[in-house]
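Written below as structure tokens is the structure these notes are about.
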Amino acid sequence: MDTRPPINFEEKIYQLWQKGGFFNPDKLKNAKKKVFSIAIPPPNVTGFLHMGHALNATIQDIIIRRKRMQGFKTLWVPGIDHASIATQNVVEKKLRKENLTRFDLGREKFIEKAWEWKREYGDIILNQLKKIGVSCDWSRVKFTMDDDYIKAVYFAFSHYFNKGWIYRDKRAINWCSRCKTSLSDLELEYEEEKSKLIFIKYPLADEKEKYIEVATTRPETMLGDTAVAVNPKDKRYKDLIGKNVFLPLAKREIPIITDRSVDLNFGTGAIKVTPAHSLVDYQISLTHKLKIIQVIDENGRMSENAPKEFQGLKTEEAREKVLENLQKLGLISKIEEYANKIPKCERCHTKIEIIPSEQWFLKMDELAKMAMEAVADDKIHPVKSRKAGISPKAKLFNRVNFHPKRWEKIYLDWLKNVHDWCISRQLWWGQRMPVWFCENEKKKFFISAEKPKKCAICGKCKPKQSTDVFDTWFSAALWPFAIFGWPKETKDLKKFFPTNVLTTARDIINLWVSRMVFSSREMTGKNPFADVIIYATVLTKDGKRMSKSLGTGIDPLELIEKYGADAMRLGLAWQITDSQDIRFDESNIIAGRKFCTKVWNATRFILQGFGNKKISLKAKPKPITSNDKKIMKKLGELIKSTNIDMEKFAFGRAIERIYHFFWHEFCDIYIEKSKKQIQEGKNKKENTEKILFYVLLNSLKLLHPFIPFITEEIYQLLPLKEKKSLIVESWPE
RNA sequence: GCGCGCUUAGCUCAGUGGUAGAGCGACUCGUUUACACCGAGUAGGUCGGGGGUUCAAUCCCCUCAGUGCGCACCA
């Protein structure tokens, strides 16, 4: 043995595990009957492995490896998300280099391109995960656009539809004029921008010398105004309520109304109401039954509903022109500098327009309640459905527990105020909605997962399928059970669902976690998982976001290349605490590598001079000397605390304790003392050797979830009489 | 505006109601056959400021400051 652990041995060890079938629960021969399962948060097909993935994968692998050693039938299902909008944008970007748009190709060819992309790049991230050492069952890889997965999506949609929770409506929604699709609030990013707050005079219809003043940053939208609103409590405008104003440029009369949502203290206290292009105004228009005039179209240009001179202009151009015209009419009273945050498309950074659009919505009131119930405090909100509809054999988790607990509040706050979910997107890459429109009665539609032979409405026409696809998160919401073949009652579904743990990033608690919980409760009657671990965001050492485009990202694969997968895992695991952020410090990885070397060298010493003898450690060795007693006692304590820490998902603390034990208790003290003991007669020598091996073996076991490669490699070198693979050795309890 | 975090050794961070710990770094000594990616040791902190509860607070409460994040607003 060299004084350094081997390099490039990880591949060999990984293959040993795979050949042994240890990742596949069906092949885990010695597993007891209990089951432990995890569904991986499927990375986007466009994704490249970043530190977040590495941390997440490490956490899951630590959990699953310990459970496997404890004798559970463990299953960790890997997979990939088709990531509708993200992938579509990537493919479009590629096309742009050839000066093509998706519209040049047409839908079918474009989708074929996207599949090509998937075939070419889809496995990359999974292979990268393998380098970290993840023990996923690769015979069960899922993709959210697999045939059976699409069936699950359709089934869920029909289920909701039959319940009357799906409806189609034209309403103001977030619209990306580049992606040409609707977006949910969660898919926006906000960017601060200096803009101008413009105070415009709207003359009264019958007393043209009198004005009411409104303030706006988007003057061009005034062309679509259908009212002016003031707060009912506002005394300044008391006399004007109910009167009409004459809307300049558009030359229409619109009423002055009251609405409580108007802030008395902002601007002039009077707002222009543009229901077509503002979510708040849209709400006002519903209560006051106002007209909705769409003046901005799907391309982000002024529509034919705008006065002729503005038609076809981009909104920015129209803004300038509106200002010019108002200036000429003397209707601008002042302009203030104003910093506001404007919404942009998270994927392509185009400014979002609010426009009215026909979309599909999922009613959220019941579902939100269900999701809240899952984390309800029993004392305050008794869980009603605990027994209803659940067979006694089924695993029903009473509660979904967040770790750290504080994230429950984020989850609950969102659900309390949630709006109906717009589940349709005007994209091409994704699960196409199984909705078919009658050609004769164009407003009527029916639902069919298969291409219908005839129209279910008129019976004569060839119905046309909706061109919309589902929001990516609609399919992701089904992940923990759709991966097992749901809605079919498959063996896997029965056996491995619900899963035990979900580990994920905090920014998708609402986007994903909550939606999995209510989908699962509604579709299966069970919570999808019992525990949700929200891991820390990995930042740069000076606290900045790791970003590929800013060049601040650290590539986990480079770290693996440089220090080895174990060192990286250990360095990361070391930093798993309840904190929100990790300021990534490479010195932790270096410490990880040094520790691996230390374990290696301790083994070298213990094996040295042991010859070809074999040792049996079936029985716990009996301590003779005070050193023996001390180390055995400390080991016992360590085993206990490690189990407690790991059950609490306190992996950082667990590995620190193991590290300290191994290095400072075992190596610095016991091994040093053992050198003398070995020279004090045959009996003492043999017993000391037994203790050395015993402590080493147990340390390897405790370390294995954290640094699986080197521990397995070392284990393979040990002269044990009873030997299998460390990955399935019995966990110290 | 509301909410949630964080502020502990030079750096990155643990931690506990009883006057503080790790890793890295610094310094001193050491090349004794597991390991110099090592060993033995040293220095270094009134645990952000102020107030309170307590016999006792870094840990609990209040408040201020700095910093990060989320939500709402974004006319």
Side-chain angles (χ1 to χ4, degrees), chain A residues 1-5 185-186 190-193 195 197-200 213-219 221-222 225 228-230 259 261-263 265-274 277-281 284 338-343 404-411 413-414 416-417 506-507 509-510 536-537 539-545 563-564 567 570-571 574-609 650 652-653 655-657 659-660 663-664 667-669 671-672 674-675 692 696:
Chain A
M1 280 173 84
D2 201 358
T3 56
R4 296 279 171 274
D185 294 345
L186 296 170
Y190 288 84
E191 202 168 295
E192 190 137 326
E193 196 179 78
S195 64
L197 188 61
I198 295 146
F199 291 73
I200 307 170
E213 232 178 86
V214 298
T216 181
T217 54
R218 298 284 309 269
T221 62
M222 72 181 284
D225 285 1
V228 169
V230 297
D259 196 277
S261 65
V262 181
D263 182 351
N265 301 316
F266 189 90
T268 62
I271 66 165
K272 54 191 277 310
V273 182
T274 322
H277 303 296
S278 155
L279 295 175
V280 179
D281 295 5
I284 294 175
Y338 184 69
N340 68 342
K341 285 178 198 159
I342 48 164
K405 197 171 167 61
R406 73 177 105 94
W407 299 110
E408 280 174 6
K409 198 170 147 37
I410 303 289
Y411 171 96
D413 284 353
W414 182 73
K416 268 180 218 156
N417 306 311
R506 63 168 173 265
D507 47 329
I509 291 175
N510 299 324
T537 306
L539 304 173
T540 63
K541 198 176 171 178
D542 42 341
K544 288 184 183 139
R545 224 161 233 294
Y563 302 110
L570 187 63
W574 189 266
Q575 296 175 80
I576 299 170
T577 66
D578 280 355
S579 77
Q580 272 192 48
D581 302 316
I582 292 173
R583 290 186 175 206
F584 182 76
D585 190 346
E586 202 163 311
S587 70
N588 287 299
I589 310 287
I590 295 169
R593 185 187 56 179
K594 282 165 73 168
F595 183 71
C596 291
T597 309
K598 188 74 181 173
V599 177
W600 177 258
N601 279 304
T603 308
R604 236 159 54 89
F605 169 76
I606 293 167
L607 290 177
Q608 160 194 290
R653 188 191 307 206
I655 190 60
E656 252 183 85
R657 284 182 169 150
Y659 176 101
H660 183 265
W663 199 309
H664 301 297
C667 293
D668 291 349
I669 300 174
I671 287 186
E672 288 309 317
S674 77
K675 290 174 183 172
L692 284 169
L696 176 65

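Chain identifiers are assigned alphabetically (A, B, ...) following the order of the sequence lines, protein sequences preceding nucleic acid strands; residue numbering begins at 1 within each chain.
- No engagement by A/Trp600 is indicated, since no non-hydrogen atom pair under 4.0 Å with the nucleic acid exists.
- Closest contact between the side chain of A/Arg583 and the listed nucleotides B/rC4, B/rC24, B/rU12 involves B/rU12.
- In this structure a side-chain-to-backbone donor-acceptor pair under 3.5 Å is missing from A/Ser195 to A/Thr217.
- Nucleotides of RNA chain B nearest to A/Ile342 and A/Arg4 differ in position, and the one nearer the 5' end is that of A/Arg4.
- Nucleic acid contact class of A/Lys675 (heavy atoms, under 4.0 Å, all strands): base.
- Here B/rC69 is the nucleotide among B/rA34, B/rC69, B/rG23 with the atom lying nearest to any side-chain atom of A/Arg506.
- Counting atom types as modelled, A/Tyr190 pairs a side-chain N or O with a base atom of B/rC74 as donor and acceptor under 3.5 Å.
- Between the CG atom of A/Asp2 and the P atom of B/rC38 there is a distance of 16 Å, rounded to whole Å.
- Comparing the C1' positions of B/rU63 and B/rG44 gives a spacing of 32 Å, expressed to the nearest Å.
- Look at B/rC2: its Watson-Crick or wobble partner, with both distances under 3.5 angstrom, is B/rG70.
- Look at CD1 on A/Ile410: it is 16 Å from P on B/rC2, rounded to the nearest Å.
- Checking B/rC74, B/rU16, B/rA34 against the side-chain heavy atoms of A/Arg653 singles out B/rU16 as nearest.
- Between A/Lys272 and A/Asp281, the shortest heavy-atom contact is O-OD2, 3.3 Å.
- Side-chain atoms of A/Glu672 and base atoms of B/rA40 include no donor and acceptor less than 3.5 Å apart.
- Using a 4.0 Å heavy-atom criterion, one finds that A/Val273 contacts no nucleic acid atom at all.
- A/Lys598 forms no cation-pi arrangement with A/Tyr659, by the criterion of a distance under 6.0 Å to the ring centre and an angle within 45° of the ring axis.
- At the heavy-atom level, A/Thr217 lies under 4.0 Å from the strands shown only through sugar-phosphate atoms.
- Using N1 to N3 plus N6-O4 or O6-N4 for Watson-Crick, or N1-O2 and O6-N3 for G-U wobble, each under 3.5 Å, B/rU7 pairs with B/rA65.
- Here the C1' atom of nucleotide B/rC74 and the CG atom of A/Asp185 are 13 Å apart, to the nearest Å.
- Across B/rC11, B/rC35, B/rA22, the shortest atom-to-atom separation from the side chain of A/Lys541 is found for B/rC11.
- Scanning atom types as modelled, no donor and acceptor separated by under 3.5 angstrom connect the side chain of A/Lys409 and the base of B/rC4.
- Among the protein residues, A/Leu539 comes within range of no part of the nucleic acid, since none of its heavy atoms lies under 4.0 Å from any strand.
- With respect to the salt-bridge test (charged N to carboxylate O, under 4.0 angstrom), the residues A/Asp581 and A/Arg545 do not qualify.
- Counting to the nearest Å, the P atom of B/rG39 and the CD1 atom of A/Ile669 are 12 Å from each other.
- Where A/Asn340 and A/Arg593 meet RNA chain B, the nucleotide closest to each residue was compared, and A/Arg593 sits on the side nearer the 5' end.
- The separation of B/rC61 from B/rG3, taken at their P atoms, amounts to 16 Å, rounded to a whole angstrom.
- Taking the side chain of A/Asp668 as heavy atoms from C-beta on, and the options B/rU12, B/rA40, B/rC4, the nearest nucleotide is B/rA40.
- Using Watson-Crick or G-U wobble geometry with both donor-acceptor distances under 3.5 Å, B/rA43 finds no partner in any strand shown.
- With B/rC4, B/rG23, B/rC38 as the candidates, the nucleotide lying closest to the side chain of A/Trp663 is B/rC38.
- Taking atom P on both B/rA43 and B/rC35, the two are 30 Å apart, rounded to the nearest angstrom.
- Listed candidates were B/rC24, B/rU12, B/rC73. Nearest to the side chain of A/Asn588 is B/rU12.
- Residue contacts for A/Phe584: at a heavy-atom cut-off of 4.0 Å it reaches no nucleic acid atom on any strand shown.
- By the 6.0 Å contact criterion, CZ on A/Arg406 is enclosed, its count of non-hydrogen atoms from other residues, nucleotides or ligands being greater than 12.
- A/Thr221 comes within contact range of no nucleotide atom at all, as no heavy-atom separation falls under 4.0 Å.
- In this structure, A/Asn601 contributes its side chain and A/Thr3 its backbone to a donor-acceptor pair below 3.5 Å.
- What separates CG of A/Asp413 from P of B/rC4 is a distance of 9 Å, to the nearest Å.
- Nucleic acid contact for A/His664: sugar-phosphate only, since backbone atoms but no base atoms lie under 4.0 Å from a heavy atom of the residue.
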Between A/Asp542 and A/Lys544, is the salt bridge (Lys or Arg N to Asp or Glu O under 4.0 Å) condition met? List the steps. CA-CA 6 Å; A/Asp542 42 341; A/Lys544 288 184 183 139; 3.8 Å; yes

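- With C1' as the reference atom, B/rC37 and B/rC69 are 37 Å apart, rounded to whole Å.
- Rounded to a whole angstrom, the distance from the P atom of B/rC11 to that of B/rU54 is 37 Å.
- Minimum atom distance to the side chain of A/Ala602 is reached by B/rA34, of the listed B/rA36, B/rA34, B/rG23.
- If you check every strand for non-hydrogen atoms under 4.0 Å, A/Cys667 touches a base.
- The interatomic distance linking A/Ile576 (CD1) with B/rG23 (P) rounds to 19 Å, in whole Å.
- Rounded to whole Å, the P atom of B/rU33 lies 24 Å from the corresponding atom of B/rU28.
- When both distances must be under 3.5 Å, the Watson-Crick or G-U wobble mate of B/rU19 does not exist.
- Looking at A/Asn588, its side chain never comes within 3.5 Å of a backbone N or O of A/Gly571 through a donor-acceptor pair.
- Nucleotides B/rA20 and B/rG48 have their P atoms positioned 15 Å apart, rounded to a whole Å.
- Rounded to the nearest Å, the gap between the P atom of B/rC2 and that of B/rC59 is 25 Å.
- The base of B/rC37 is paired with the side chain of A/Thr597 by a donor and an acceptor separated by under 3.5 Å.
- The nucleotide B/rA57 finds no pairing partner, because no Watson-Crick or G-U wobble arrangement with both distances shorter than 3.5 Å includes it.
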